[in-house]
Amino acid sequence: RFTTNKLRTEHIDALNCILAEIFLTRKAQDWLNLFEQVKLPCAPINSVEHVMQDPQVLARNMIVEVKDSIAGTVKIAGNPIKMTSVAETPTREKVPEVGEHNREIYGGWLGISDSELDQLQREGVI
């Protein structure tokens, strides 16, 4: 039933039952070591906790810290695109509050006056 990929696919439910029982007989790392020795492509399915502590993930700043005024320091996904011309840091600037840059954007970029901004704020528009 399992000698070819086509047969394995046709009998996938039976194969999964057999393998599930076998895989329970050793720890995941034992299976990974064995598979690597015989050059069988494999990788663990990691928990979120394990990924958050992985040395390679940390070394590449794939998890970074951001300070939030309510939640405190929060870990978030870092930039997955790495370039030698862009410096990488393990922290990011504080996340702006909602409306924190209203005056800069509406006033400076869009030319809305302070009195118009005050009126929009009173009316609950911004």
Side-chain angles (χ1 to χ4, degrees):
R1 293 185 292 171
F2 311 124
T3 56
T4 67
N5 191 49
K6 184 178 187 305
L7 287 171
R8 284 189 295 276
T9 303
E10 289 173 9
H11 300 96
I12 192 71
D13 292 335
L15 181 58
N16 282 340
C17 288
I18 293 167
L19 290 176
E21 285 183 36
I22 293 170
F23 287 146
L24 289 173
T25 65
R26 295 185 185 187
K27 292 184 178 187
Q29 191 59 53
D30 295 336
W31 287 113
L32 290 169
N33 292 340
L34 175 65
F35 295 158
E36 287 173 10
Q37 285 174 6
V38 297
K39 306 216 181 300
L40 179 70
C42 63
I45 298 174
N46 293 316
S47 66
V48 172
E49 180 181 352
H50 188 264
V51 170
M52 298 286 282
Q53 297 171 0
D54 183 89
Q56 181 69 11
V57 169
L58 297 175
R60 291 182 47 82
N61 290 314
M62 298 304 295
I63 306 293
V64 295
E65 291 185 349
V66 175
K67 292 190 191 291
D68 181 82
S69 61
I70 297 171
T73 300
V74 179
K75 292 185 179 198
I76 63 170
N79 186 351
I81 301 168
K82 308 297 181 187
M83 297 180 287
T84 55
S85 61
V86 178
E88 276 288 325
T89 60
T91 60
R92 297 291 185 266
E93 292 183 29
K94 158 184 127 30
V95 176
E97 299 296 325
V98 174
E100 181 177 337
H101 298 105
N102 279 356
R103 294 222 176 252
E104 176 185 344
I105 293 169
Y106 294 136
W109 293 8
L110 301 176
I112 298 174
S113 70
D114 283 343
S115 61
E116 288 175 294
L117 286 171
D118 291 339
Q119 180 65 31
L120 290 171
Q121 204 165 17
R122 278 192 299 277
E123 293 173 357
V125 175
I126 58 171

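For the single chain, residues carry numbers from 1 onward in sequence order.
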For this session: First locate atom OG1 of T25, then atom CH2 of W31, and finally report the distance between them rounded to the nearest 0.5 Å.
Result: 4.5 Å
For this session: Determine whether V51 and V74 fall in the same hydrophobic cluster, where Ile, Leu, Val, Met, Phe, Trp and Tyr are linked whenever their side-chain heavy atoms lie under 4.5 Å apart.
Result: no
Problem set entry | E123 atom CD: more than 12 heavy-atom contacts under 6.0 Å | yes
For this session: Run the numbers on N33 and Q37 for side-chain hydrogen bond (donor to acceptor under 3.5 Å, both in side chains), then give the verdict.
Result: CA-CA 6 Å; N33 292 340; Q37 285 174 6; over 6 Å; no
Exercise. If you group Ile, Leu, Val, Met, Phe, Trp and Tyr by side-chain heavy-atom gaps below 4.5 Å, do V98 and I70 land in one group?
Worked result: no
For this session: To the nearest 0.5 angstrom, please state how far the CE atom of M52 sits from the CD1 atom of I63.
Result: 4.5 Å
Problem set entry | Pairwise distance OG1(T91) to CD1(I76) - rounded to 0.5 angstrom | 10.5 Å
Exercise. Out of curiosity, does M83 fall in the hydrophobic cluster containing V64 (side-chain heavy atoms, cut-off under 4.5 Å, transitive links)?
Worked result: no
Exercise. How many angstroms lie between CD in E10 and CZ in R1, if you round to the nearest 0.5 Å?
Worked result: 12.0 Å
Exercise. After noting the C-alpha distance and the side-chain angles of L34 and R26, does the key distance pass the side chain to side chain contact (heavy atoms under 4.5 Å, CB included) rule?
Worked result: CA-CA 11 Å; L34 175 65; R26 295 185 185 187; 3.7 Å; yes
For this session: Treat each ILVMFWY residue as a node, draw an edge where side-chain heavy atoms are under 4.5 Å apart, and state whether F2 and L19 are in one component.
Result: yes
For this session: Locate the shortest heavy-atom distance separating C42 from L32; write the atom from each residue and the value.
Result: SG-CD2, 3.8 Å
Problem set entry | Spacing of Q29 atom CD and E36 atom CD [to the nearest 0.5 Å] | 7.0 Å
Problem set entry | Exceeds 12 heavy-atom contacts within 6.0 angstrom, atom NE2 of H50 | no
For this session: Would you confirm whether E116, through its side chain, and S113, through its main-chain N or O, come within 3.5 Å as a donor-acceptor pair?
Result: yes
Problem set entry | Evaluation steps, side chain to side chain contact (heavy atoms under 4.5 Å, CB included), between R103 and D114 | CA-CA 8 Å; R103 294 222 176 252; D114 283 343; 3.5 Å; yes
Exercise. Under the side chain to side chain contact (heavy atoms under 4.5 Å, CB included) criterion, do K82 and M62 qualify, and how do the steps go?
Worked result: CA-CA 10 Å; K82 308 297 181 187; M62 298 304 295; 3.5 Å; yes
Exercise. To the nearest 0.5 Å, how far apart are CD1 in I112 and CD in Q119?
Worked result: 12.5 Å
Exercise. Does NZ in K67 sit with more than 12 non-hydrogen atoms of other residues, nucleotides or ligands closer than 6.0 Å?
Worked result: no
Exercise. If you take all heavy atoms of E88 and R92, which pair is closest and at what distance?
Worked result: OE1-NH2, 3.8 Å
Exercise. Any chain of hydrophobic side-chain contacts (each under 4.5 Å) joining V125 to L117?
Worked result: yes
